[in-house]
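Nothing here was measured: the structure is a model prediction, and the numbers come from that model. By convention here, the first residue in the shown sequence is residue 1. All heavy atoms count here, side chains included; hydrogens, waters and symmetry mates do not. Atoms within a ligand are numbered from 1 in the order they appear, just like the ligands themselves.
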Amino acid sequence: MDRLVIGTRRYSSWSLRGWLAVRCAGLEVEDQVIPLRGAGQTREIHEISPNALVPYLEHQGARIWESLAICEYCAEISPSLWPRDWMARATARSVASEMHAGFRALRQALPMNLGREGRPRATMPDEALSDIGMIDRLWCKTRECFGGSGPYLFGTVFTNADIMFAPVASRFASYGVTLSEDASTYCHAVLNHPLMREWYRLAAQEPEEWRLDRYESLD
Ligand SMILES: N[C@@H](CCC(=O)N[C@@H](CS)C(=O)NCC(=O)O)C(=O)O
């Protein structure tokens, strides 16, 4: 059975990226959701995934781990996951890689929690605020150069670059982060993508026992 192994939808930002890429590419795989314990403690994942992390994809004999590798794999099947124009494509790969490798302070300060409805953190580290400013500027600049009249970073098509930032849009909404007008418009476009709505719908169906205090009790 071809499968995409993901973690709790409410929290697993990397899983969201893999799932969006797989769905955008139309791969026929079954979702296998493993409730996360956090901090690498989810033993079931160790038995399945080579890097002991999710997302992890098995498709037609191929095994793919690391969300960016899954995005690349999906783009081989569905090339529109990267922009068609080579210069736009080079930039899309750069911003997607920048997200995959960076913005650690933001990721630590604002863990994804789809159940949190716009309540800001009581305190925010300067490094996280700096990441937010960088992302805001990156979104605006990319859209200014490549967005044209479309709602996404590279225009009308939702690409791997948008996929990499989709959990960030979710975090900005969950923690009531104030953005520039252009960044805010983009953020809403991502959150309103039909697949994002679908992810939120499925997350809302997860059992309450899967909730983790470390995320739910964050002030
Ligand atoms: N660099 C990896 C990061 C994947 C990652 O950290 N996944 C988390 C869930 S969002 C995980 O599997 N955690 C295991 C655990 O919490 O036990 C990727 O891009 O896929």
Side-chain angles (χ1 to χ4, degrees), residues 2-25 27 29-59 62-76 81-82 92-116 128 131 135 159-175 190 195-196 198-200 202-204 206-218:
D2 287 343
R3 62 178 176 170
L4 175 70
V5 185
I6 57 177
T8 313
R9 285 188 166 92
R10 188 178 177 92
Y11 306 127
S12 186
S13 55
W14 297 109
S15 296
L16 169 57
R17 293 173 172 105
W19 184 86
L20 285 171
V22 161
R23 285 290 170 274
C24 282
L27 266 56
V29 297
E30 203 160 286
D31 294 346
Q32 182 180 341
V33 187
I34 296 180
L36 292 181
R37 291 197 192 87
Q41 296 305 307
T42 319
R43 203 175 312 277
E44 299 92 307
I45 301 177
H46 293 227
E47 285 153 21
I48 297 173
S49 168
N51 66 346
L53 298 170
V54 285
Y56 165 66
L57 174 65
E58 285 173 0
H59 184 245
R63 308 177 76 208
I64 311 105
W65 59 100
E66 287 291 332
S67 56
L68 193 52
I70 292 174
C71 287
E72 287 287 4
Y73 179 82
C74 290
E76 286 190 28
L81 275 168
W82 292 120
R93 283 205 159 97
S94 300
V95 299
S97 299
E98 186 178 358
M99 178 67 246
H100 188 246
F103 304 120
R104 192 173 297 273
L106 168 87
R107 292 193 274 113
Q108 277 174 358
L110 306 182
M112 191 166 96
N113 179 355
L114 303 191
R116 183 166 173 135
D131 278 357
I135 290 172
T159 68
N160 276 332
D162 302 297
I163 287 174
M164 270 292 142
F165 281 107
V168 176
S170 165
R171 288 167 152 111
F172 287 170
S174 295
Y175 294 90
V190 170
L195 287 173
M196 286 295 279
E198 171 77 353
W199 179 270
Y200 270 73
L202 293 168
E206 288 174 342
E208 287 205 17
E209 306 86 80
W210 289 10
R211 298 207 181 153
L212 296 176
D213 198 46
R214 73 173 70 192
Y215 301 130
E216 299 302 330
S217 64
L218 217 55

At a 4.0 Å threshold, what atoms of ligand 1 neighbour a non-hydrogen atom of P55? 20 (O)
Under a 4.5 Å cut-off applied to non-hydrogen side-chain atoms, are S12 and I6 in contact? no
To the nearest 0.5 Å, how far apart are CG in L36 and CH2 in W210? 9.5 Å
Output yes when a side-chain donor or acceptor of E206 lies under 3.5 Å from a complementary backbone atom of R9, and no otherwise. yes
H100: numbered ligand 1 atoms lying under 4.0 Å from its heavy atoms: 1 (N), 18 (C), 19 (O)
Is there a heavy atom in G7 that sits closer than 4.0 Å to ligand 1? no
For atom 13 (N) of ligand 1, grab the closest protein heavy atom and report residue, atom and distance to one decimal in Å. L53 CD2, 3.7 Å
Any idea which atoms of ligand 1 are less than 4.0 Å away from a heavy-atom of T42? 15 (C), 16 (O), 17 (O)
Side-chain contact test, heavy atoms from C-beta onward, threshold under 4.5 Å: evaluate it for Y215 versus M112 and give yes or no. no
Closest approach of any protein heavy atom to atom 12 (O) of ligand 1, naming residue and atom: V54 N, 2.8 Å
For atom 6 (O) of ligand 1, what's the nearest protein heavy-atom neighbour? Residue, atom name and distance, please. W14 CD1, 3.5 Å
Show, in sequence, the C-alpha distance, side-chain angles and deciding distance for V5 and I45, and conclude whether the side chain to side chain contact (heavy atoms under 4.5 Å, CB included) test is met. CA-CA 8 Å; V5 185; I45 301 177; 5.6 Å; no
For atom 10 (S) of ligand 1, grab the closest protein heavy atom and report residue, atom and distance to one decimal in Å. S12 OG, 3.1 Å
Please, which pairs that meet salt bridge (charged side-chain N to carboxylate O under 4.0 Å, His left out) have at least one residue in residues 102-115, sequence neighbours excluded? none
Ligand 1 to Y11 polar contact by distance, N or O atoms, under 3.5 Å: no
heavy-atom search around atom 16 (O) of ligand 1 in the protein gives G38 CA, 3.2 Å
At under 4.0 Å between heavy atoms, what of Q41 touches ligand 1? The answer is backbone
Output side-chain donor-acceptor pairs under 3.5 Å for residues 69-76, partner residues at least two apart or in another chain, one line each.
| from | atom 1 | to | atom 2 | distance (Å) |
| --- | --- | --- | --- | --- |
| E72 | OE1 | W82 | NE1 | 3.1 |
| E72 | OE1 | R93 | NH2 | 3.2 |
| E72 | OE2 | R93 | NE | 3.1 |
| Y73 | OH | H59 | ND1 | 2.7 |

Does any non-hydrogen side-chain atom of E66 lie less than 4.5 Å from one of H100? yes
Look up atom CZ in R23 and atom CG in L4, then write down how far apart they are to the nearest 0.5 Å. 7.0 Å
Pairs of nitrogen or oxygen atoms closer than 3.5 Å, one from S67 and one from ligand 1: do any exist? yes
In this structure, atom 2 (C) of ligand 1 is nearest to the protein heavy atom E66 OE1, 3.2 Å
